[in-house]
Amino acid sequence: QVQLVESGGGLVQAGGSLRLSCAASGRTFSRYAMGWFRQAPGKEREFAAAISWSAGGIYYADSVKGRFTISRDNAKNTVYLQMNSLKPEDTAVYYCAADRTGRGTTSPVSYDYWGQGTQVTVSS
């Protein structure tokens, strides 16, 4: 069992930056792939970024590529999402998720554990 807790969300102006963190419990964090997803009001949850267990595989949605960076620190059981050049359309609740296979995919159905989410609001 893995418990995930996101932090770092908030209100920021367009063009600004935020860094989200996701702290995981459990001894097997390093074996999991981790993903970040987001859900805006009235929309489906969508993939943002993912990183495999070894960090050898890193994936981004086209909408965030070049602006967001996912990374992980297995010693701290934490995955990060650095978000730069934020846009109003990035406004959403951001969720981190863990994938037991370790591969990391873009599909939310592949993930086994989810955090409670953190709100990111970008004002224009």
Side-chain angles (χ1 to χ4, degrees):
Q1 188 76 9
V2 174
Q3 292 185 327
L4 304 173
V5 179
E6 302 97 335
S7 62
L11 174 63
V12 64
Q13 289 187 333
S17 298
L18 284 174
R19 188 175 82 153
L20 305 184
S21 299
C22 174
S25 65
R27 301 176 183 175
T28 57
F29 172 79
S30 62
R31 302 178 189 174
Y32 290 80
M34 300 298 295
W36 286 97
F37 292 79
R38 63 187 186 180
Q39 188 166 18
K43 295 188 177 182
E44 293 188 353
R45 191 168 298 188
E46 66 173 10
F47 169 76
I51 186 167
S52 66
W53 70 274
S54 66
I58 293 177
Y59 313 95
Y60 296 102
D62 288 343
S63 58
V64 308
K65 198 172 296 182
R67 301 186 298 121
F68 290 12
T69 302
I70 189 171
S71 61
R72 66 189 299 158
D73 185 339
N74 288 340
K76 295 183 178 179
N77 279 16
T78 302
V79 63
Y80 304 98
L81 187 67
Q82 177 66 45
M83 306 186 296
N84 298 330
S85 302
L86 283 162
K87 304 175 181 180
E89 51 263 44
D90 294 318
T91 295
V93 177
Y94 283 71
Y95 299 90
C96 74
D99 168 11
R100 287 182 296 182
T101 70
R103 290 192 297 267
T105 75
T106 64
S107 173
V109 299
S110 299
Y111 289 80
D112 305 286
Y113 305 104
W114 291 83
Q116 82 290 347
T118 186
Q119 176 71 47
V120 171
T121 303
V122 184
S123 63
S124 57

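What you are looking at is a predicted structure, and each value in this text was computed from that prediction instead of being measured.
The shortest distance between side-chain heavy atoms of Phe29 and Asn74 falls below 4.5 Å. Residues Met83 and Asp90 fail the side-chain proximity criterion, which asks for heavy atoms closer than 4.5 Å. Looking at Glu46 and Arg38, their side chains come closer than 4.5 Å, going by heavy atoms from C-beta outward.
Both Leu81 and Val122 sit in one connected hydrophobic cluster of ILVMFWY residues. Membership requires side-chain heavy atoms under 4.5 Å apart, directly or through other members. No chain of hydrophobic side-chain contacts below 4.5 Å, direct or via other Ile, Leu, Val, Met, Phe, Trp or Tyr residues, connects Val120 to Val5. Under a hydrophobic-cluster definition in which Ile, Leu, Val, Met, Phe, Trp and Tyr are linked whenever side-chain heavy atoms come within less than 4.5 Å, directly or via other members, Phe68 and Phe47 are assigned to different clusters. Trp36 is connected to Tyr113 through a chain of hydrophobic side-chain contacts under 4.5 Å among Ile, Leu, Val, Met, Phe, Trp and Tyr, so both are in one cluster. A continuous path of Ile, Leu, Val, Met, Phe, Trp and Tyr side chains, each step under 4.5 Å between heavy atoms, connects Tyr59 with Trp114, placing both in one hydrophobic cluster.
The distance between the ring centers of Phe37 and Tyr111 falls below 6.0 angstrom.
To the nearest 0.5 Å, atoms OH (Tyr80) and CD1 (Ile51) are separated by 11.5 Å. Rounding to the nearest 0.5 angstrom, the gap separating the OG atom in Ser71 from the CE atom in Met34 is 11.5 Å. If you take CZ on Arg72 and SG on Cys22, they are separated by 10.0 Å, rounding to the nearest 0.5 Å.
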Return all side-chain donor-acceptor pairs below 3.5 angstrom for residues 8-19, not counting sequence neighbours, or 'none' if the list is empty.
from: Ser17; atom 1: OG; to: Asn84; atom 2: OD1; distance (Å): 2.9

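Using a 4.0 Å cut-off between charged side-chain N and carboxylate O, Asp62 and Lys65 make a salt bridge.
Side-chain N or O atoms of Gln82 include none that pairs as donor or acceptor with a backbone N or O of Thr69 at under 3.5 Å.
Each salt bridge (Lys or Arg N to Asp or Glu O under 4.0 Å) pair with one or both residues in residues 99-116, not counting sequence neighbours, appears once here: Arg100-Asp112.
Remark: Gln116 CD is packed, more than 12 non-hydrogen atoms of other residues, nucleotides or ligands lying under 6.0 Å away. For Arg31, the CZ atom is loosely surrounded, since the number of other residues' heavy atoms within 6.0 Å does not exceed 12.
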